[in-house]
Participant: 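Have a look at this one before I ask anything.
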Amino acid sequence: MSGTGSGRFVGLLLCAAGIYTAYLYQGYLQERITTSKYEPGEVRLPHLGMLHGLQSFVCFFAAGLVNLFLSFGGRKAKRGQKSTPLLEYLKPALTNTVGPALGILALKNIPYSSQVLVKSCKLVPVMVMGTIFGKKRYSLKEYLCVALICVGLVVFSMKKSSAANKKLMEPNLLLGYSLCMVNLAFDGFTNAYQDKINSTYKSTSSLDMMCWMNFWTGSMLCAYMFGFSTVGMELVSFLVSHPKSLLDVLAFCLCGALGQLFIFLTINKFGALTLTLVTTTRKFFSILISSVFLGSTLVGQQWVGIGLLFAGLLWNMQIKNSKHSKVRSKAK
Ligand SMILES: Nc1ncnc2c1ncn2[C@@H]1O[C@H](COP(=O)(O)OP(=O)(O)O)[C@@H](O)[C@H]1O
C-alpha cells in the first residue's frame with residue numbers, strides 16, 4: 001500500500017470502507033444481543049458490559065492465525081530490524097481497555113449526545129499526545145485543519161443532541177465530563193504510542209500489533225473474569241446453555257476482529273492521526289449516508305457542519321499530498 005499517491009488513496013478508502021462496514025454491522029449485532037431474550041427460558045445475556053472485552057480473545061486468535069499463515073507463506077522480518085518487545089504493547093493495551101470503560105462510566109452522568117460531542121474532538125488529544133510521546137511535529141496549518149474538522153463535527157452532531165437525550169438517574173456533570181476527558185486523553189495516548197511503536201520498531205506489522213495488544217487486553221480481562229469474579233463462569237455457562245446467544249456473540253466478535261484488521265492496517269500504513277480521522281467521521285458518514293438513502297432531511301445547521309468538515313478534509317488531503325511530494329522529491 002505504499003506506491004503512488006492515487007494507490008495510497010484507494011488503499012485508504014478501502015480501509016475506511018472496511019472499518020465503517022465492520023462496525024456498522026457490529027452495531028446492529030450489539031443492538032440484537034442487548035435486546036434479545038434467548039431460549040430456553042426467554043432470558044437476556046448477562047454481563048452485557050463484557051461484550052466489547054470478549055472480542056479481544058477472538059481478535060488475538062484471528063490475528064495470531066493469520067500471522068502464522070503468512071509466516072508459512074514466507075513473510076519474515078528484515079535482517080537487522082529490532083522486533084518489538086511484548087511489554088511495549090502493554091501500555092497502549094491498558095489505556096485502550098481502561099479508556100472505553102471510563103467512557104461507559106461517563107454515560108451514567110452525562111447524556112450520550114454530549115459524549116459524542118466531546119469525542120468529536122478526539123483528533124486534538126491524538127496530536128497533543130503524539131507531540132509529547134511520539135516526538136511528532138505538526139505545523140500550524142495542520143492544527144488549524146484539525147480544528148476546522150472538529151468544529152464541523154461538533155456543529156453537525158449538536159443538532160442530534162436534544163432528541164437523543166434520555167433522562168439520567170443522578171447526573172453529575174463534572175464527574176461525567178472529567179471521565180470523558182480522561183477517556184479522550186487515554187485514546188490519544190493509545191494512538192500516539194502505537195505510532196511510536198511503528199516508527200521505533202520498523203518490522204512491526206499491523207497483525208503483530210493487533211495480536212499482542214489483544215493478548216494483553218485478553219489477559220487482563222481473563223484475570224478479572226475468572227480470577228477476581230464469577231463473571232467468566234456465569235457467561236460461559238449462559239453461552240453454552242443458550243446456543244443462539246453463542247452464535248450472536250461469536251458473530252459480534254468476528255465483526256470486531258474484521259474491524260480491527262482494518263484499524264491496525266490503517267495505523268501501520270497511514271498513521272494514528274489518519275485512523276482517528278476515519279473513526280471520528282464514522283458516525284457522521286453513517287448519518288449522512290442513511291439520510292441520503294432513507295430520504296430523511298438534514299437541517300441547515302447540519303449542512304454548515306458538513307461544509308466545514310469537507311473543507312477540513314480536503315485541506316487535510318492537500319497538506320498530506322504536498323508533504324508526500326516533498327518527501328519524494330528529496331528521495332530523488
Ligand atoms: N488505535 C486503536 N487501537 C485499537 N483499537 C482501536 C483504536 N482506535 C479505535 N479502536 C477500536 O475500534 C472501535 C471503534 O472505535 P471508535 O470509532 O473510536 O468508537 P468509539 O467511539 O466507540 O470509541 C472501538 O472498539 C475501539 O476500541
Side-chain angles (χ1 to χ4, degrees), residues 15-16 18-27 29-31 49-56 58-60 62-63 88-107 112-127 129-130 133-134 153 157 179-180 182-198 204 206-218 221 252-287:
C15 284
I19 293 173
Y20 289 166
T21 317
Y23 285 112
L24 199 67
Y25 194 60
Q26 201 193 35
L29 286 170
Q30 176 170 348
E31 180 75 20
M50 290 283 109
L51 200 54
H52 276 270
L54 287 180
Q55 66 183 345
S56 59
V58 176
C59 291
F60 167 69
E88 274 291 79
Y89 298 109
L90 180 59
K91 283 187 219 164
L94 201 61
T95 45
N96 199 36
T97 310
V98 179
L102 296 182
I104 293 171
L105 271 183
L107 280 181
Y112 174 73
S113 49
S114 311
Q115 194 182 44
V116 169
L117 283 187
V118 177
K119 287 193 90 170
S120 300
C121 304
K122 187 163 146 186
L123 285 158
V124 177
V126 171
M127 285 179 109
M129 294 291 185
F133 294 101
L153 282 169
S157 333
L179 287 169
C180 231
V182 181
N183 175 8
L184 269 195
F186 277 20
D187 272 354
F189 177 85
T190 307
N191 283 282
Y193 209 83
Q194 288 168 328
D195 251 358
K196 187 180 163 224
I197 292 178
N198 279 328
T204 311
S206 53
L207 286 168
D208 293 331
M209 190 173 285
M210 176 171 165
C211 182
W212 297 115
M213 273 194 56
N214 282 295
F215 166 79
W216 287 118
T217 309
L221 205 68
F252 175 89
C253 293
L254 284 172
C255 252
L258 190 68
Q260 280 204 10
L261 280 174
F262 286 110
I263 280 196
F264 286 101
L265 193 63
T266 311
I267 299 178
N268 194 284
K269 302 292 174 201
F270 305 99
L273 197 62
T274 306
L275 169 74
T276 313
L277 209 56
V278 172
T279 55
T280 45
T281 50
R282 181 166 67 90
K283 284 153 203 155
F284 160 83
F285 275 114
S286 59
I287 294 174

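Each ligand, and each atom within it, is numbered from 1 in the order the structure gives.
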Participant: Taking only heavy atoms of R282 into account, list the atoms of ligand 1 that are under 4.0 Å away from them.
Facilitator: 14 (C), 16 (P), 17 (O), 19 (O)

Participant: When the ring planes of F60 and F215 are compared, do they come out parallel, tilted or perpendicular, using 30° and 60° as the limits?
Facilitator: tilted

Participant: Should T190 be counted as touching ligand 1, given the test is an N or O pair under 3.5 Å?
Facilitator: no

Participant: State the atoms of ligand 1, each with its element, that fall below the 4.0 Å cut-off from a heavy-atom position in F264.
Facilitator: 3 (N), 4 (C)

Participant: Taking 4.0 angstrom as the limit and counting only heavy atoms of L275, give me the atoms of ligand 1 inside it, by number and element.
Facilitator: 1 (N), 8 (N)

Participant: Donor-acceptor pair, D187 side chain versus K119 backbone, under 3.5 Å?
Facilitator: no

Participant: Measure across S157 and L117 and return the closest heavy-atom pair with its distance rounded to 0.1 Å.
Facilitator: CB-CD2, 3.7 Å

Participant: Can you list the ligand 1 atoms lying under 4.0 Å from a non-hydrogen atom of T279?
Facilitator: 17 (O), 18 (O)

Participant: Below 6.0 angstrom between ring centroids: does that apply to F189 and F133?
Facilitator: yes

Participant: Considering only protein heavy atoms, which is closest to atom 26 (C) of ligand 1, and at what distance to one decimal place?
Facilitator: N96 OD1, 4.8 Å

Participant: Between Q260 and N214, does a side chain to side chain donor-acceptor pair (under 3.5 Å) hold up when you go through it step by step?
Facilitator: CA-CA 10 Å; Q260 280 204 10; N214 282 295; 2.7 Å; yes

Participant: With rounding to the nearest 0.5 angstrom, report the CG to CG distance, N191 to L123.
Facilitator: 9.5 Å

Participant: Can you report which non-hydrogen protein atom sits closest to atom 22 (O) of ligand 1, along with the distance?
Facilitator: K283 NZ, 4.2 Å

Participant: Near Q194, which atoms of ligand 1 are under 4.0 Å from a heavy atom of that residue?
Facilitator: 1 (N), 2 (C), 3 (N), 4 (C)

Participant: Give the atoms of ligand 1, by number and element, whose distance to some non-hydrogen atom of K119 is under 4.0 Å.
Facilitator: 20 (P), 21 (O), 23 (O)

Participant: Enumerate the atoms of ligand 1 whose separation from the nearest heavy atom of I267 is less than 4.0 angstrom.
Facilitator: 1 (N)

Participant: So, for atom 9 (C) of ligand 1, does the protein have a heavy atom nearer than 4.0 Å?
Facilitator: yes

Participant: Tell me whether Q260 has any N or O atom under 3.5 angstrom from an N or O of ligand 1.
Facilitator: no

Participant: Among protein heavy atoms, which sits nearest to atom 25 (O) of ligand 1, and what does the distance come to when rounded to 0.1 Å?
Facilitator: Q55 NE2, 4.2 Å

Participant: Scan side-chain atoms only and decide if E88 and Y193 contain a donor-acceptor pair under the 3.5 Å cut-off.
Facilitator: yes

Participant: Do Q55 and Q26 meet the criterion of a side-chain donor-acceptor pair at a distance under 3.5 Å?
Facilitator: yes

Participant: Any N or O of K122 that comes nearer than 3.5 Å to an N or O of ligand 1?
Facilitator: yes

Participant: In ligand 1, which numbered atoms sit nearer than 4.0 Å to a non-hydrogen atom of Y23?
Facilitator: 12 (O), 13 (C)

Participant: Roughly how far apart are L90 CG and T97 OG1, rounded to 0.5 Å?
Facilitator: 9.0 Å

Participant: In the protein, which heavy atom is nearest to atom 7 (C) of ligand 1, and how far is it?
Facilitator: I263 CG2, 4.0 Å

Participant: Under 3.5 Å, is there a donor on one side chain and an acceptor on the other for T281 and Y20?
Facilitator: yes

